[in-house]
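This report concerns only the one structure given below.
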Amino acid sequence: MKERYEPAAIEFKWQQEWERSNLYVTREDPGRPKFYVLEMFPYPSGDGLSVGHLHNYVPCDVIGRYKRMAGFNVLHPMGWDAFGLPAENDALLKGLHPKETVPRYAANFKRQLKLVGCAYDWSREINSSSPDYYKWTQWFFLLLYRRGLAYRALGSQWWCEKCRTILANEQVVNGCCWRHTDTPVSKKDLEQWFFKITAYADRLLADLDGIDWPEPIKLMQRNWIGRSEGAELAFPVVGHPGREVRFFTTRPDTVFGVSFMVLAPEHPLVPEITSPAQRHEVENYVAQARRQSEIERLSTVKEKTGVFTGAYAQNLFTNRAIPIWIADYVLMGYGTGAIMAAPGEDQRDFEFAKKYGLEIPVVTVPADGTPAPSDRAFTEYGIAVNSGFLNGMKTEAAIRAVCKYAEEHEIGRPTVSYRMRDWLISRQRYWGCPIPIVYCAKDGVVPVPEDQLPVILPDMTDYQPSGTGRSPLANVPEFVNTTCPKCGGSATRETDTLDGFACSSWYFLRFASPHYDAGPFDKKAGDYWLPVDLYVGGAEHAVMHLLYARMWTKVMYDAGLVRFTEPFPVLRNQGMIWAADGQKMSKSRGNVVTPDAMVEKYGADALRLWELFMGPFEEATNWNEEGVVGTSRYLSRVWTLVRRYVEAGCPQGNPSLETLKRTHKTIRTVTDHIERLRFNTALAALMDLLNYFQKLQPEQLGRFAIESYVVLLAPMAPHITEEFWRALGHQESVHLESWPHFDPALTRDDSVTVVVQINGKVRDRLTIDAGTPEDDVRRLALTREPVQRHLAGKAPRKVIYVPDKLVSIVV
RNA sequence: GCGAGAGUGGCGGAACGGCAGACGCGCCGGACUUAGGAUCCGGUGCCGCAAGGCGUGGGGGUUCAAGUCCCCCCUCUCGCACCA
């Protein structure tokens, strides 16, 4: 071994050797359990990886390496989420083509991941923009289509002017596009494809209970799904025979207090029922509501506005005619776009009634007999009053009674409503997976037969989005014009492409058999490797990718393709690494730190260790390069330790009991902490042990201690430990070693320090044999000089003893 | 506004209700050096010469014992934002 640790001299050498010997190609040994660790599919951006991204990849690499050593068949693959707007926009900006930039960027990501020693099985690399991959994305589209889960609908959709495409609801954040948070979205009326994710709402919600995910993520999904139970009812419109207003309510028990109704301005009934006298005012209001930006309209602080339509509905419970208003606080996209207003029990309706002088009946009073408030709505549950057959009932019972009555009289039924809408998947852009659908004058909408897949994305030089709402693909006659698979007549292709999230809704299955060509995945391989044992990624995907992938998995389960209903039973979110200035690392801010620069300066192992050591894996922190100096220095000290041992001829040695015990305890700690993803404290334990080892001679250390140390460090610092391992005389890679076991007997302490507290303050410490009888410890404590001094003659009132820990004396 | 998470030395962070500050950075002192962003040794929460006292965002509480549990408040981050 060289005198000094020089990472550059060993890291590349070992990386090449591992690649040559196929060290990290996935093994499938039936005698071992499997472990599938996966990071979220990255989009390979032109900027390459930063040290922030590594905060995900390095820890997963440690887990993969550790699990392999601990006896598992490990699947740890990597691929590229290459279709989609970021790739297309980047290429447009640079005047290049994504088919050229994507492979280049992916190659750069791969180079960087190899540079830091991440052990992926590159033989399984996949790319969602490659025809062998998107063929199967199309296959899944057809599966959903066949199962009635893909449909086309005309409606007003979110449009981002910068993306020049329609977006799904989830992709709208605070009224702006999720990629362009400064660009407000607008509405555009277009016919679009949807996946019926709402059909899975209940299961997506219920199955959250059985998976091990961070609670905040589960909560976000629950809120996003937004299930609420209630009733759907309908009141007839007076003077319009056959017309009725259908509405959803969570408080059917308040029907007797319904003094007016409100429709969303876009509600289809509005033009029909508006009276001539009100028409002008109503039309103005509707036009104004349309013009309003979504941000304004979503504002909860804004005063409520509305207009009377001149029409009345008949409240079938009170038999009174009640006015029908329109107001923009009622949203067309939720429930039926219409509400019954119970101003006595709903604060929004209360405010509206107050403003427009509408009646405010009280039909629910507090159960404790106090009067209902008059300055606001009483929104809690209570007792029904002024409510006909409901009088005297508790809210819960009254809800059931109204539902029963409504069913019997065929005016409604209990129902469940969701905040979640269907997933809009059409994108009017070029760089995506073509939707395998053909339109025929005779046969209508015809799916492309499976044996004609993939529908190849044509080459285009000018793929600039049009802005008209049509995909650039519409300008390629060779693509658009085709024949109908059914009748053979002339037909046209769907020109929209699929939302990129479709590609990432099944990629975790493709890794099980990435080269399989008889289906999206080999059933046997899928059954063996899936589901993913540990899934790791950023919290920003809480309600998009994670919800979509869960839905697709349930569809696959229903279709008998897989045996599990949840793709990611265990999910963890890595903490965000901010730049040193506390801001997001970005090229435009000029604060990006690259792994390339860090590796050049300190080596891959030092960089890896700092990624692990800088803080808890799941917590955010700021990048601080000074820390790499520390881990680099640590590695140099380990180098010196091993070098001295090797130079001493690698003595078997005769370690003291303490050395043995410390080694065994460290094996226990490091194992436990890696299992719990506590990499920072796992490494701290190794640093601690090094500080102890440094005081010993090679003879006092011995082979067991040194080799255990090297093996424990191997998943975190793979290069230096490989160098050590060979220097210690081994022919095989350290990464093929078994994870060390500890002897529980050697992790127990013989003597312990017991603290003595007097009135809660530490006044003395005793060193005693572990397991010393309580009486002896108490007696000893009371005879000690510092204890006597602080007692000052006072008699203990109470003495608490925690075995081997403390004596607490109260005076 | 509602919901979730987080506030610990100069800094990153440790700590089954039981010795607050492990480990590391930085800093101070020393050794070896022509030199040091190398290496090694020692020190380092605050106040105090010391004995000792004070300390985990602030204020209460439970407990022999609270960073940890309970209540109120402040700050920051994230999510949702009229969902009937």
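Keep in mind that what you see is a predicted model, and the values were worked out from it rather than measured. Letters go in sequence order (proteins before strands), and every chain restarts at 1.
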Going by distance alone, is a donor N or O of one side chain under 3.5 Å from an acceptor N or O of the other, for [X] and [Y]?
X	Y	answer
A:Glu625	A:Tyr602	yes
A:Tyr645	A:Thr640	no
A:Tyr418	A:Asp202	yes
A:Thr747	A:His664	no
A:Ser751	A:Asp769	no
A:Tyr709	A:Thr666	no

I want to verify a distance call: between [options], whose nearest atom is closest to the [X] side chain?
X	options	value
A:Val755	B:C19, B:C64, B:A22	B:C19
A:Val330	B:A84, B:A22, B:G13	B:A84
A:Tyr334	B:A14, B:A84, B:G3	B:A84
A:Lys805	B:A84, B:G18, B:A14	B:G18
A:Lys304	B:C83, B:A20, B:C82	B:C82
A:Pro616	B:A14, B:G79, B:A4	B:A14

Which part of the nucleic acid, if any, lies within contact of [X], taking any heavy atom under 4.0 Å across all strands shown: a base, the sugar-phosphate backbone alone, or nothing?
X	result
A:Thr621	sugar-phosphate
A:Asn223	nothing
A:Arg421	base
A:Gln757	base
A:Arg763	sugar-phosphate
A:Ala620	sugar-phosphate
A:Leu219	sugar-phosphate
A:Gly335	nothing

Between [X] and [N], is there a contact of a side-chain N or O with OP1 or OP2 at under 4.0 Å?
X	N	value
A:Lys761	B:G18	no
A:Asn680	B:A14	yes
A:Asn691	B:G24	yes
A:Arg419	B:A81	yes
A:Thr681	B:A22	no
A:Arg348	B:A81	no

Can you tell me how far [atom1] in [N] sits from the matching atom in [M], rounded to whole Å?
N	M	atom1	answer
B:G12	B:G59	P	22 Å
B:G5	B:C11	P	26 Å
B:A31	B:G18	P	44 Å
B:A66	B:G17	C1'	7 Å
B:G43	B:C25	P	15 Å
B:G13	B:G57	P	14 Å
B:C69	B:U62	C1'	8 Å
B:G67	B:G21	C1'	11 Å

#### Entry: Reading 5' to 3' through nucleotides 27-42 of chain B, protein heavy-atom contacts under 4.0 Å coded B for base, S for sugar-phosphate only, - for none
----------BSSS--
### Message
Between A:Glu774 and A:Arg779, is the salt bridge (charged side-chain N to carboxylate O under 4.0 Å, His left out) condition met? List the steps.
### Response
CA-CA 9 Å; A:Glu774 175 171 349; A:Arg779 210 172 305 128; over 6 Å; no
Measure from NZ or CZ of [X] to the centre of the six-membered ring of [Y], then state whether that distance is under 6.0 Å and the direction lies within 45° of the axis.
X	Y	result
A:Arg4	A:Trp639	no
A:Arg550	A:Trp213	yes
A:Lys304	A:Tyr329	yes

### Query
Which label fits B:G45, syn or anti, where anti is any glycosidic angle not within 90° of 0?
anti
### Query
Does the pair A:Arg400/A:Asp253 count as a salt bridge with the N-to-O cut at 4.0 Å?
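The answer is no: the pair does not qualify as a salt bridge.
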### Query
For RNA chain B, whose closest nucleotide is more 5', that of A:Glu215 or that of A:Arg676?
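So the residue in question is A:Glu215.
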Let me have the donor-acceptor pairs involving side chains of residues 684-698 of chain A, under 3.5 Å, with sequence neighbours excluded, atom names and distances please.
residue, atom, partner, partner atom, Å
A:Asn691, OD1, A:Arg637, NH2, 3.4
A:Tyr692, OH, A:Thr659, OG1, 2.9

### Identified stems (criterion: three or more consecutive Watson-Crick or G-U pairs, under 3.5 Å), RNA chain B
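Output for stems: B:1-7 with B:74-80, B:10-12 with B:23-25, B:26-31 with B:39-44, B:45-47 with B:52-54, B:57-61 with B:69-73.
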